[in-house]
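Here's the structure we're looking at; comments come further down.
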Amino acid sequence: MAANIMPITQAREVTAAKRLENVRYAIRDLACVADEVTKQGHKVLPLNVGDPLNFDFQTPPHIIEAAYKAMRDGKNGYAPSPGIPEALDAIRGEAARKGITTVQDVFVTSGVSETVDLCISALVNPGEDILTPKPDYPLYSAVLCKLGIALNAYDLNEEDAWQPELADIERKLTPRTRGIVLINPNNPTGSLCSRQMLEQIAEIARRHNLVVFADEIYDKLILPDSNGDVTPHIAFAAVAPDVPCITFGGMSKNYLVPGWRIGWGIVSGDAATIKSYTEGIHRLLRARLCANHPEQYAIKPALEGPQDHLIEVQRKLRSRRDLTQKWCESTPRISCVAPRGAFYAFPRIDIPESDEIFVKELIRQKHVMVVHGSGFGQKPGTQHFRIVFLPDEKTLTKAYAGIADFIRERYGNG
Ligand SMILES: Cc1ncc(COP(=O)(O)O)c(C=O)c1O
């Protein structure tokens, strides 16, 4: 009798799908090592996560007010799947300011992360592929792994200021390649593409019928070159109005609200060519109901309202980039292409062990957290690490002193 009322327990282990085995997110995976160190009572200096709100950057108050007002005004139900009309209108205005003249569609998503997921999912069939940069922002390979799509990465060339290596793109193209990802300004290298480079990529896209995914989430965070000149960001879709392109943009970085999860896609190119694909994206947009609703009311005030915060953000980033670059240039075993956008530096390091060991031991011994280059992909035989230079100058100086001591103590000054 008692046996009949015993709860039935499931004996077999529940395993995750095999296709997830290659999904890595090195940036957050290091958290376990940091936890170890924190439990021992040390404070870790976090140069690993690209969240400006962890540091001395504040969301512009008028943007917060707009989202707050929307909540108070009862905009708390589901939104239309593509986004609320006034936000779509503002994004079209932004596309025009970026010089994109052939806009066919715009839509709002829960962060650029969702744009990436939807746009790739709506395009690739099993057996096809998408070219992604190496090193890359790891979400791209994670989404491709999730879909069971084999990775096909093209090199960014460190010797050429981390520009895409055109010969490698040509080598990697197959008859089944459907698109190419271009991250500009780039995470993790901080590089910026030249107009000539964009034109050359457009030419390849035309010849091979590729969709270009232009991830321009950092397009307002541009840093001066070594002469102190700031070249404005050039949108891929402005250079190649005829090429099927989705430009990714969002609020997380330019408007300092990464926790709100607001991003968007701007579809451009020839209307007839891109129609069926755009319909596929809309099928997925409807299936996931909508992006965050009240926050969408902040898109128009953000894009069309005062941009003063950007002056302050750029001033801080410039000073922190310069400090970072000077440190890289004066530290044995380290060299670095000067970042020209976003808030990342990707120094190369000459050490006799893997950059993953370097990074983990650095956390354990000096309590400084950066991310290993192998977490983003890199050319075999090279080692790198990614620095997020968002912290203030005092914190960066302390962190860099810790890294320099660690290198000297562990490897000697080379
Ligand atoms: C290149 C790049 N694309 C997309 C994202 C994701 O942005 P979101 O916060 O809009 O999802 C990030 C975030 O760091 C990024 O660096």
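Whatever order the structure lists ligands and atoms in, that order sets their numbers, starting from 1. Just so it is clear, the model here is predicted, and its values are computed rather than measured.
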Structural part of K253 in contact with ligand 1, heavy atom criterion under 4.0 angstrom
side chain
Of D215, T115, D117, V181, the one whose closest heavy atom lies nearest atom 2 (C) of ligand 1 is D215
Quick check: are there more than 12 heavy atoms from other residues, nucleotides or ligands sitting under 6.0 Å from NZ of K75?
no
I want to know whether Y297 and H293 have ring centres closer than 6.0 Å.
yes
Will you find, in the side chains of D355 and S374, an N or O donor that is under 3.5 Å from an N or O acceptor?
yes
Residue part near ligand 1, for S113, under 4.0 Å between non-hydrogen atoms:
both
If the cut-off is 4.0 Å to any non-hydrogen atom of I183, which atoms of ligand 1 fall inside it?
1 (C)
I need the contact type for F248 against ligand 1. Using non-hydrogen atoms and a strict under-4.0 Å cut-off, is it side chain, backbone, both or neither?
neither
Strictly distance-based, threshold 3.5 Å: is any side-chain N or O of S268 a donor or acceptor partner for the main-chain N or O of P241?
no
Run down the list S252, P138, G259 and name the one with the heavy atom closest to atom 9 (O) of ligand 1.
S252
Any idea which atoms of ligand 1 are less than 4.0 Å away from a heavy-atom of R261?
8 (P), 9 (O), 11 (O)
Establish, yes or no, whether the cationic atom of R408 lies under 6.0 Å from the six-membered ring centre of Y411 and within 45° of the ring axis.
no
I'd like to check whether Y140 has a polar contact with ligand 1, where a contact means an N/O of the residue lying under 3.5 Å from an N/O of the ligand.
no
Which ligand 1 atoms are under 4.0 Å away from a heavy-atom of G111?
10 (O), 11 (O)
Using distance alone, determine whether V112 and ligand 1 share an N or O pair under 3.5 Å.
yes
NZ/NE/NH1/NH2 to OD/OE distance under 4.0 Å, E94 and K98
no
Applying a 4.0 Å heavy-atom criterion (strictly less than), which segment of N187 is in contact with ligand 1: side chain, backbone, both, or neither?
side chain
With ring pair (Phe, Tyr, Trp, His ring centres under 6.0 Å) as the test, would you mind laying out the steps for F346 and W162 before giving the verdict?
CA-CA 10 Å; F346 200 59; W162 291 115; 5.5 Å; yes
Does I84 offer a backbone N or O that forms a donor-acceptor pair with the side chain of Q296 under 3.5 Å?
yes
Going by the 4.0 angstrom heavy-atom rule, the piece of E114 near ligand 1 is neither
